[in-house]
Structure formats: C-alpha cells, structure tokens
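Positions are given from 1, in the same order as the sequence printed here.
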Amino acid sequence: ALAGYNLLTLTRMFMLWTAPGRVPVPNDKQVGIVAFAGSSAVVMPMCILLAMCGPPSPRRGQALRMYVCKIFGFMVVLFGMQVAMRFEIARWAYEEAQAADSGVPIEANITNNWNDEL
C-alpha cells in the first residue's frame, strides 16, 4: 500500500513540477522522481503477488527458519526503502509549500516567446 501511495504522490508531484509557468526543477529531484517511481513500480506488484499467492516454497533440504528469515529480511529492506522514500517525498512537498507561502514571486519558465515579436 505504501508503494502505491508513493507512486500516486510522485505522479502528483511530477504533474505539478511540469506545469506551464513553473521554475525548472533541479536535476537531483528529477533523477529522484525517476528512481523512486521505478522502485515503487517494482515493489508494488511484487508485494501484491506475495500477498495474493504467498511466498514461494523453500528448496528441498533448505532449513525452513533460514528461508523464512531471508524472506522476512527482504521484505523489511523493501519496506524500509519505501519509508525512506516517503520521508524524502514529504520533504520535497514541504519545500514546495514553503516556497508557495513565502510570497516571493516565482520566476516563470516561459517556453513560448511569441510576445517578443510584438
């Protein structure tokens, strides 16, 4: 669920950042959006499949406790990564809100220069 929420938030943030009249977003945040969206897009279907079908069976001769520990550890790492992404996304949203509330006019990203001809 957290990966889906991260994808939704990233989509909203991308739409906000690419709106006409916006200041260009710094390159590190652009790369962050791509990395976070890619990670969430991989984790979400994997977790849905794990919830629907259950974990795969251990190989013959493999200790069950060790296998359960590996599966649980992998899921904890994925969850921790999604939580860290959530904090970073929240920080970006907070920075965006602070810039909007500061009252400083934002320099527009004008891509159409048709006014120069008049």
Side-chain angles (χ1 to χ4, degrees):
L2 183 59
Y5 184 64
N6 282 347
L7 275 176
L8 178 69
T9 306
L10 287 170
T11 303
R12 276 189 277 159
M13 198 167 282
F14 176 76
M15 295 298 201
L16 177 70
W17 285 350
T18 58
R22 285 282 308 167
V23 177
V25 180
N27 291 338
D28 61 335
K29 289 184 181 180
Q30 291 176 7
V31 171
I33 280 197
V34 171
F36 290 173
S39 174
S40 294
V42 169
V43 169
M44 190 174 67
M46 191 174 4
C47 290
I48 290 172
L49 281 173
L50 186 64
M52 289 175 53
C53 304
S57 311
R59 290 186 219 129
R60 196 174 335 157
Q62 188 177 13
L64 184 63
R65 286 185 187 168
M66 181 57 83
Y67 181 74
V68 169
C69 184
K70 286 179 184 178
I71 295 290
F72 182 70
F74 184 66
M75 295 307 292
V76 166
V77 167
L78 290 180
F79 179 73
M81 182 179 58
Q82 293 295 315
V83 168
M85 286 172 32
R86 182 75 233 147
F87 283 130
E88 187 67 22
I89 293 168
R91 187 177 67 85
W92 288 347
Y94 178 76
E95 287 174 359
E96 192 73 30
Q98 290 293 70
D101 291 343
S102 67
V104 176
I106 296 177
E107 187 178 314
N109 180 13
I110 300 172
T111 56
N112 189 355
N113 295 330
W114 61 272
N115 285 337
D116 294 340
E117 297 174 3
L118 297 177

Heavy-atom pair with the smallest gap, counting every atom of S40 and P45: O-CD, 4.3 Å
Linking directly or through intermediates, with side-chain heavy atoms under 4.5 Å: list the remaining ILVMFWY members grouped with L7, chain and number order. M44, I48, M52
Show every ring-ring contact (aromatic ring centres under 6.0 Å, His included) that has at least one partner inside residues 27-52, sequence neighbours left out. F36-W92
Give me each pair satisfying ring-ring contact (aromatic ring centres under 6.0 Å, His included) with a member in residues 55-87, each pair once, sequence neighbours excluded. none
Just jot down the side-chain contact (heavy atoms from CB on, under 4.5 Å) partners of R65, sequence neighbours excluded, or say none. none
T9 (side chain) donor-acceptor with Y5 (main chain) under 3.5 angstrom: yes
For R60, enumerate each residue passing the salt bridge (Lys or Arg N to Asp or Glu O under 4.0 Å) test, keeping only those at least two apart in sequence or located in another chain. none
Steps toward side chain to side chain contact (heavy atoms under 4.5 Å, CB included) verdict (M85, E88): CA-CA 5 Å; M85 286 172 32; E88 187 67 22; 5.7 Å; no
Hydrophobic clusters here meaning ILVMFWY residues chained together by side-chain heavy-atom distances under 4.5 Å, can you tell me if L8 and V43 are in one? no
Same cluster or not: are V42 and L49 linked, directly or through other Ile, Leu, Val, Met, Phe, Trp or Tyr residues, by side-chain heavy atoms under 4.5 angstrom apart? no
How many angstroms lie between CG in L10 and CE in M15, if you round to the nearest 0.5 Å? 12.0 Å
